[in-house]
2 protein chains.
Amino acid sequence: MNLPPLTQSFVLHFGEMGSRWGINRTVGQIYALLYVSEAPLCADQIVEALGISRSNVSMSLRELQAWNLVLLRHLPDDRRDFFTTPDDVWQILRTLAEERKKREIDPTLSVLREILMQEPDSPEERFGQERMAEMHALIERLTTWYDDVKQLDTGRLALLLGLGAGITRLLDAKDRIVGLGRRKPGSGEGRR
Amino acid sequence: MNLPPLTQSFVLHFGEMGSRWGINRTVGQIYALLYVSEAPLCADQIVEALGISRSNVSMSLRELQAWNLVLLRHLPDDRRDFFTTPDDVWQILRTLAEERKKREIDPTLSVLREILMQEPDSPEERFGQERMAEMHALIERLTTWYDDVKQLDTGRLALLLGLGAGITRLLDAKDRIVGLGRRKPGSGEGRR
DNA sequence: TATGGATTTCAGAATTTTCTGAAACTTCAG
DNA sequence: CTGAAGTTTCAGAAAATTCTGAAATCCATA
């Protein structure tokens, strides 16, 4: 590996964390390298920088493309593919959230749905199914919220984030103003 | 493996997803089994139900305890440990969020902080460092928001989730009513 | 402090994942 | 059509992780 010190720390860290994030070491390192590089890099430059095999780079770039985490660039009169990451960290965040949902949540949701459609054939099964229903309801709630929030433009999203828990003050204020009915605060359940 | 069909589907699915979630197959299966079981189970019952070795169960329960995902129970006049999961899915969600943050985010945040304190010794390094600063700022923002939101009681949290993107209507309304000063809408920065 | 039921540890076996080098493929220029 | 530059594929090597059985440990009781 042949990198300046700060870059190297960053790249090595992404490599180590890779497994916790559901990608592997090489994929993590390549992503980190592209992220901190000003100009797009081609496969051989990555081989050079990280000291890994050409084929590993090829596979890993393919994986990063499957995650939609890299962009393809071309130079005039050069057949090689060059890769970068998007500039906007908010965009990266959105992609990451989307892909992780797709891989880590959606399959479970669909398994749960399938199980919930079946008839349990013992009291134990019935109990278990009820627990699964609770889990399903919670995940549905979260993904619905996520689907909503991801539509927001970055400005509003940042605003919301900045507000933090302060949002409840706003909710309280709203309840006071709107007053009647629409929703009981603090009831915890009920809706949908 | 010796389980009724719906339970088995659920357990097997958690086993398969385990690797994507940063735990291993056995840990996933044991968690799933405890989750759908009405009564707490002891290690030997888990061995029986899942058909895996006693030592594997012991290791995996230890892992689940490290994740704070299981509760220990005791029966009178029985020395064995019995395990369950918390009843409240919201509580489970909180634990999961906390633990994943601890394992997946915090280490990166601290590496980034360390790198940002150093002096880059080339223009490339300087560029990279600026990118890392952007990443750091975003993660800080998200974790600050998370630290805020996790303080909310479940009722309010559920309320907020139910509101979804509708929250921005509320924000707009507030801006219209409060009108003057307190905060510039859409600026994206500022607070704390 | 000896006994025995229960749990934990740990070295190595089994399995899975990652990585490599060689070969195959693709595309374009001459 | 041929060959050069580039890329991908894939079988097996290397590495990492997971799982097991046997031995060690723990601990309440007598």
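Below, chain A is the first sequence line, B the second, and so on; all start at residue 1.
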Counting only heavy atoms and a strict 4.0 angstrom limit, can you tell me which residues of residues 19-38 of chain B come near DNA chain C?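 Nothing qualifies; none.
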
For DNA chain C, what residues of residues 49-72 of chain A have any heavy atom nearer than 4.0 Å? A:Ile52, A:Ser53, A:Ser55, A:Asn56

Kindly compute the distance separating CG (B:Leu6) from CG (A:Leu116), expressed to the nearest 0.5 Å.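 B:Leu6 CG to A:Leu116 CG: 9.0 Å, rounded to 0.5 Å.
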
Looking at NE2 of B:His136 and CD1 of B:Ile139, how far apart are the two atoms once the value is rounded to the nearest 0.5 Å? 7.5 Å

Within this structure, what is the CG-to-P distance between A:Asp77 and D:dA5, rounded to whole angstrom?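 Going from CG in A:Asp77 over to P in D:dA5 covers 16 Å.
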
Roughly, in whole Å, what's the span from CG in A:Leu41 to P in D:dG6? 16 Å

Donor on one side chain, acceptor on other, A:Thr95 and A:Asn68, under 3.5 Å: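 There is no such pair (donor and acceptor under 3.5 Å, judged by atom type) between the side chains of A:Thr95 and A:Asn68.
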
Distance alone, cut at 3.5 Å: any donor-acceptor contact between the side chains of B:Arg131 and A:Ser37? no

Within the sub-3.5 Å range, which N or O atoms of nucleotides 27-30 of chain D have a protein N or O partner, and how far apart are they?
none

Could you tell me whether A:Arg73 sits above the aromatic face of A:Phe82, with NZ or CZ closer than 6.0 angstrom to the six-membered ring centre and within 45 degrees of the axis? no

Hey, does B:Thr26 have a side-chain heavy atom less than 4.5 Å from the side chain of B:Val57? no

Dump the intermediate steps for side-chain contact (heavy atoms from CB on, under 4.5 Å) on B:Arg126 and B:Glu130, then the final yes or no. CA-CA 6 Å; B:Arg126 178 167 305 282; B:Glu130 272 159 27; 3.7 Å; yes

Just jot down the side chain to side chain donor-acceptor pair (under 3.5 Å) partners of B:Ser55, sequence neighbours excluded, or say none.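 Result, side chain to side chain donor-acceptor pair (under 3.5 Å) vs B:Ser55: B:Ser53.
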
If the threshold is 4.0 Å, N to carboxylate O, is there a salt bridge linking [X] and [Y]?
X	Y	answer
B:Glu99	B:Arg103	yes
B:Arg54	B:Glu48	no
B:Lys150	B:Glu98	yes

Extract, from 5' to 3' on DNA chain C, the first and final nucleotides lying under 4.0 angstrom from some heavy atom of chain B. C:dG4 to C:dC10

Do the ring planes of A:His13 and A:Trp21 sit parallel (below 30°), tilted (30 to 60°) or perpendicular (above 60°)? perpendicular

Partners passing side-chain contact (heavy atoms from CB on, under 4.5 Å) against A:Lys101 (at least two apart in sequence or in another chain): A:Ile105, A:Asp106, A:Thr143, A:Tyr146, A:Asp147

